Undergrad: 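I have a structure here, written as structure tokens, and I will follow up with some questions on it.
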Amino acid sequence: MITETPLVIESLTDINQTPAQDSWNKVLSGATKSVEKLLLQLDIPLTELNQRQLACLDFPLLVPQPFIDKMEKGNANDPLLLQVLPQSDELESVEGFINDPLAEKHSNLQKGLIHKYHGRVLVLLSTGCAVNCRYCFRRHFPYEENRIGKNDWQSILDYVGNDPSIEELILSGGDPLMLSDQQLEKFIKQAEAIPHLERLRIHTRLPVVIPQRITNRFIDILHSCRFDCAIVLHINNSQELDNELSSRLSKLRQASITLLNQAVLLRGVNDSLEAQVELSKTLFKAGVLPYYLHLLDKVKGAHHFNVSEKDAQQLYQQLSLKLSGYLIPKLVREESGKGSKTPVPTAL
Ligand SMILES: *Cc1c(COP(=O)(O)O)cnc(C)c1O
Ligand code: SF4
């Protein structure tokens with residue numbers, strides 16, 4: 001469960017903030033945590049308030065203003081709203097939906113690091129996120145135990161340094177961009193000293209909810225490091241990609257950073273042909289290539305987002321007939337114990 005507020009991340013305090021960083025941090029600390037406020041702001045009736053608040057006890061509501069600004073007023077089924085608004089459905093227990101569907105607790109042998117796939121490791125640089133997505137497979141992840149501070153950086157880097165098969169660092173979390181630019185720079189500089197590392201990948205949703213997070217300093221850090229860099233965004237619906245975000249992304253592209261997107265197939269959010277086509281086209285227009293379309297991880301409290309495998313396959317086949325090959329993400333699911341994402345069979 002992610003309960004901490006963003007600013008309590010250790011070591012943020014010991015750093016002088018630049019104005020740019022101040023600005024995204026301010027947006028972050030002003031993020032809405034109240035169901036009531038969110039609904040009032042969107043002119044949506046305050047139904048099921050008790051149940052929604054109960055669901056918040058399990059996983060709090062957290063949504064920054066720029067993301068709210070992209071929602072349609074008066075629309076209780078807005079695809080962005082559905083991703084963050086607690087529902088009474090979350091309180092039901094449904095067979096097959098469990099706390100740790102990926103069994104991450106078990107592979108999490110080294111604090112702050114998950115090494116399951118060949119050649120690359122997930123580094124959990126931050127335990128927090130700027131938004132709480134209701135379908136998140138990490139909603140029950142024991143982040144508190146895995147909270148990492150700078151002292152753990154050395155052991156992570158030692159692990160990577162001792163395994164020459166690791167060519168790629170994947171910064172993940174939580175959301176790695178919860179760290180300040182200074183912290184990221186420091187970590188990346190240390191990683192640069194490991195000779196067998198070639199690539200740096202950052203998995204983040206933060207710019208989608210706070211575009212100001214893509215600071216010039218951040219772009220410089222990636223541009224000037226010796227790694228080949230990729231950012232994997234997490235955008236589920238084309239409505240999330242507005243002009244502000246697009247213009248920041250174009251700066252990243254100008255700095256030769258590869259931009260990819262992963263989405264989760266979510267009922268009511270992006271499970272129509274139209275929504276998927278629009279998403280791929282909008283991404284490409286912003287210089288982002290669709291990478292993965294994930295089937296929902298069966299995490300407890302998220303069953304109402306589930307799209308059956310059969311429906312997913314049908315949708316995917318239709319998509320394949322509509323779009324250029326490079327605009328079609330790979331349909332995958334994640335299974336614990338596997339050495340890669342599992343492709344979902346989609347023969348035409
Ligand atoms: C998803 C994932 C990766 C990245 O996989 P790619 O197929 O390279 O995108 C790496 N490690 C773990 C543990 C993962 O879950
Ligand atoms: S930003 Fe990513 S990790 Fe964080 S809650 Fe949303 S889906 Fe989960």
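As the structure lists them, so they are numbered: ligands from 1, and atoms in each ligand from 1. If you're wondering where the values come from, they're calculated on a predicted model, not measured in any experiment.
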Undergrad: Answer side chain, backbone, both or neither: which part of His234 comes under 4.0 Å from ligand 2, heavy atoms only.
TA: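 Near ligand 2, His234 shows its side chain, while the N, CA, C and O stay back.
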Undergrad: Pick, from Lys341, His203, His118, His294, the option with the minimum heavy-atom distance to atom 14 (C) of ligand 1.
TA: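 Among Lys341, His203, His118, His294, the closest heavy atom to atom 14 (C) of ligand 1 belongs to Lys341.
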Undergrad: Side chain or backbone of Cys133 under 4.0 Å from ligand 2, or both, or neither, by non-hydrogen atoms?
TA: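 The answer is both.
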Undergrad: Side-chain contact test, heavy atoms from C-beta onward, threshold under 4.5 Å: evaluate it for Ile188 versus Leu222 and give yes or no.
TA: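 Of all side-chain heavy-atom pairs linking Leu222 with Ile188, at least one is under 4.5 Å.
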Undergrad: Got Val264 and Asp297 here, is their nearest side-chain heavy-atom distance under 4.5 Å?
TA: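 No - every pair of side-chain heavy atoms lies 4.5 Å or more apart.
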Undergrad: Please identify which atoms of ligand 1 are closer than 4.0 Å to at least one heavy atom of Tyr291.
TA: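 In order of number, 6 (P), 7 (O), 8 (O), 9 (O).
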Undergrad: Tell me whether the rings of His115 and Tyr159 are parallel (<30°), tilted (30 to 60°) or perpendicular (>60°).
TA: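 Geometry flag for Tyr159 against His115: perpendicular rings.
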Undergrad: Can you tell me if Gln262 contacts ligand 1 (heavy atom of the residue under 4.0 Å from the ligand)?
TA: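 For ligand 1, residue contact (heavy atoms, under 4.0 Å) with Gln262 is absent.
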Undergrad: Are Val131 and ligand 2 in contact, using a heavy-atom cut-off of under 4.0 Å?
TA: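 Within the 4.0 Å threshold, so yes.
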Undergrad: Answer with side chain, backbone, both or neither: which part of Glu334 has a heavy atom less than 4.0 angstrom from an atom of ligand 1?
TA: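 It is the side chain that touches ligand 1; the backbone stays farther off.
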Undergrad: Please list, in number order, the atoms of ligand 1 under 4.0 Å from a heavy atom of Arg120.
TA: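 Answer for ligand 1: 5 (O), 6 (P), 7 (O), 8 (O).
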Undergrad: Polar-atom distance check: Lys116 versus ligand 1, any N or O pair below 3.5 Å?
TA: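 Between Lys116 and ligand 1 (N or O atoms, distance only) the closest approach is not under 3.5 Å.
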Undergrad: What do you reckon, does Arg201 put a non-hydrogen atom under 4.0 Å from ligand 1?
TA: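 Yes, Arg201 has heavy atoms under 4.0 Å from ligand 1.
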Undergrad: Could you tell me which atoms of ligand 1, counted from 1 in the order shown, lie closer than 4.0 angstrom to a heavy atom of Tyr292?
TA: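 Listed by number with element: 6 (P), 7 (O), 9 (O).
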Undergrad: CZ of Arg253: more than 12 outside heavy atoms within 6.0 angstrom?
TA: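 Result for CZ/Arg253: open.
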Undergrad: Do Glu240 and Leu279 have side chains that get closer than 4.5 Å, going by heavy atoms?
TA: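 Of all side-chain heavy-atom pairs linking Leu279 with Glu240, none is under 4.5 Å.
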Undergrad: Check whether any N, O or S atom of Cys136 sits under 2.8 Å from atom 8 (Fe) of ligand 2.
TA: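 So Cys136 counts as coordinating atom 8 (Fe) of ligand 2, yes.
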Undergrad: Kindly give the heavy-atom pair with the smallest separation between Leu82 and Phe305, and that separation in Å.
TA: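 Leu82 and Phe305 have their closest heavy atoms at O-CZ, 3.3 Å.
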Undergrad: Please state which part of Ile170 comes within less than 4.0 Å of ligand 1, counting heavy atoms only: side chain, backbone, both or neither.
TA: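 Just the side chain.
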Undergrad: Among all residues two or more places apart in sequence or in another chain, which pass the side chain to side chain contact (heavy atoms under 4.5 Å, CB included) test with Asp78?
TA: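 With neighbours one apart ignored, the set is Met71, Glu72, Asn75, Leu80, Leu81, Gln239.
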Undergrad: Tell me which one of His234, His203, Arg205 satisfies side chain to side chain donor-acceptor pair (under 3.5 Å) with Gln262.
TA: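 Passing option: His203.
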Undergrad: Under a 4.5 Å cut-off applied to non-hydrogen side-chain atoms, are Pro79 and Asn236 in contact?
TA: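 The answer is no, as the side chains (C-beta and beyond) never meet within the 4.5 Å cut-off.
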Undergrad: Of all the atoms in ligand 2, which lie at a distance below 4.0 Å from a heavy atom belonging to Arg205?
TA: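 Within the 4.0 Å cut-off of Arg205, ligand 2 contributes 1 (S).
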